[in-house]
There are 2 protein chains.
Amino acid sequence: MARTQGSHAGTTGPKVRDAALRLFARHGFAAVSMRQIAREVGVQAGALYLYTPDKQTLLFELMRDHLEDLLAAWDPPEGGALRRLEHFVRHHIAYHLDRPDLVFIAYMELRNLSPENFATIEGLRRDYENRLEAILNEGVATGRFDVPDTKLATMAVISMLTGVTTWFREGGRLSRTDVGNLYWDMVRKAVLAA
Amino acid sequence: MARTQGSHAGTTGPKVRDAALRLFARHGFAAVSMRQIAREVGVQAGALYLYTPDKQTLLFELMRDHLEDLLAAWDPPEGGALRRLEHFVRHHIAYHLDRPDLVFIAYMELRNLSPENFATIEGLRRDYENRLEAILNEGVATGRFDVPDTKLATMAVISMLTGVTTWFREGGRLSRTDVGNLYWDMVRKAVLAA
DNA sequence: CCTTGAATTGAACGTGTGTTCAGATAATCT
DNA sequence: AGATTATCTGAACACACGTTCAATTCAAGG
């Protein structure tokens, strides 16, 4: 037998990516087999190879698409460095809270990429970090910010903000708005000149 | 043949843990086989089972020992909340920079633990977080700190500090002392009342 | 020097891995 | 209705996995 009722490439392709994303995030890339992904999709393992050349490419494309979406999704507002920084902080938190699985694998599975794939992902991540660093540099140049080392501050702020996905739970004590406000409060105080 | 020259249980045990730590950190727990660890130690795979009941326990004990050492290593100084916080920040950074592999697996391989092992590790981690939260609470109580939510601030600060291991490279632009100073500067400004 | 016991080998067990592919099926097009 | 094509199955490939264990070797104690 082959091709059970009602199955089309248009729906199976996304289902493969969804299942892979969920399973990779939950158990880790190396711990998930192609047969597990196939079972989740409702298909035999061989059929997956109509939608990806191999397992690693499945992971790579999830990470690449995530980072490209992240880069495309941010529209820096007009205004000074402080206003742009606030927008960056709030947007980073909101965007990451909406995609915990993608964030997780994009930060955790780097070592399972081939060297070329790793370089691509690393480049995209650096593009994102450079945006924050540019804001900090601008604020320092205008004297509004007191940041002795903008490279370190960039890494520190991104680590702090991204960490929100490890503890935030929907319906918990704090709303998303609360979280955005509280993080922005800390970042603002940390970079602002006295 | 068995038992090649000059090998003793006293040296093989630690070598197994060292090799496992290095390989787990580099490639991930699930991606490392017992045979790879054995090859690194210079022994056959079966011999590893004289030193660990199974692969998962090897991981668990690395994580547990790391967290217990971390908890035991910190000796909070006399003084107010600000002084204790500074000591915590500097100690956290120094301790983590000395053990990048342990930090890495303790944060990355949680999902490869059995439920009971996970609960143990989670408890140890919470003990550590509670120390920071207690400092923040004390500072808020005395009016020295302006921290609207000490639980969130705890997570934010720990994420920020632990992130140092992802980018710091020995012999780079910044020394360890520089890094300690710069992080402490950000944390201090973020929590201090105006 | 001989015995004892810890340390290790090497083979084996059953199961699972990523990937390929000829053949089968169902939807689409003429 | 018949031919075509995209979609999927199921079996197979060669290899690797974690773990066990009888047999073997070496170091130490009497």
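Bear in mind the structure is a predicted one, so any value in this text is a computation, not a measurement.
- Atom P of nucleotide C/dT17 and atom CG of A/Asp54 are separated by 17 Å, given to the nearest angstrom.
- Atoms CG (A/Leu58) and P (C/dG18) sit 11 Å apart, rounded to a whole Å.
- The environment of A/Arg22 atom CZ is dense: over 12 non-hydrogen atoms of other residues, nucleotides or ligands sit within 6.0 angstrom.
- Taking the six-membered ring where the residue is Trp, A/Phe88 and A/Trp74 present perpendicular rings, their angle passing 60° and hence far from 30°.
- Between B/Thr12 and the phosphate of C/dA7, there is no side-chain N or O to OP1/OP2 separation shorter than 4.0 Å.
- Comparing D/dC17, C/dT17, C/dT8 by their closest approach to the side chain of A/Gln36 singles out C/dT17.
- When each of C/dT19, C/dT9, D/dC8 is scored by its nearest atom to the side-chain atoms of B/Gln44, the top-ranked nucleotide is C/dT9.
- To the nearest 0.5 Å, atom CZ of residue A/Phe168 and atom CZ of residue A/Arg176 are 5.5 Å apart.
- One finds a side-chain N or O of A/Ser33 lying less than 4.0 angstrom from the OP1 or OP2 phosphate oxygen of C/dT17.
- Remark: C1' of D/dT9 and OH of A/Tyr49 are 15 Å apart, rounded to the nearest angstrom.
- For B/Arg35 and D/dG18, a side-chain-to-base donor-acceptor distance below 3.5 Å is present, hydrogens and geometry of angles not being considered.
- As a whole-Å value, the separation of B/Met34 CE from C/dC13 P is 21 Å.
- Atom CD1 in A/Ile37 sits roughly 8 Å away from atom P in C/dG18 (whole-Å rounding).
- Distances were taken from every side-chain heavy atom of A/Ala47 (C-beta onward) to each of D/dT19, D/dT9, C/dT19; the shortest belongs to D/dT9.
- Phosphate proximity of D/dC8 to A/Tyr51: present, with a side-chain N or O under 4.0 Å from OP1 or OP2.
- Rounded to an integer number of Å, the gap from NZ of A/Lys55 to P of C/dT19 is 8 Å.
- In this structure, B/Arg39 places its CZ atom 18 Å from P of C/dT8, rounding to the nearest Å.
- Nearest nucleotide to the side chain of B/Val43, out of D/dT9, C/dT8, C/dT19: C/dT8.
- Judged by a 6.0 Å distance limit and a 45° cone about the ring axis, A/Arg111 is not positioned over the six-membered ring of A/Phe29.
- Counting all heavy atoms, side chain and backbone alike, A/Tyr183 lies closest to A/Leu161 at CD2-CD2, 3.8 Å.
- Between B/Leu48 atom CG and D/dG18 atom P there is a gap of 10 Å when expressed in whole angstrom units.
- Among the atoms of the strands shown, none is found under 4.0 Å from any heavy atom of A/Val41.
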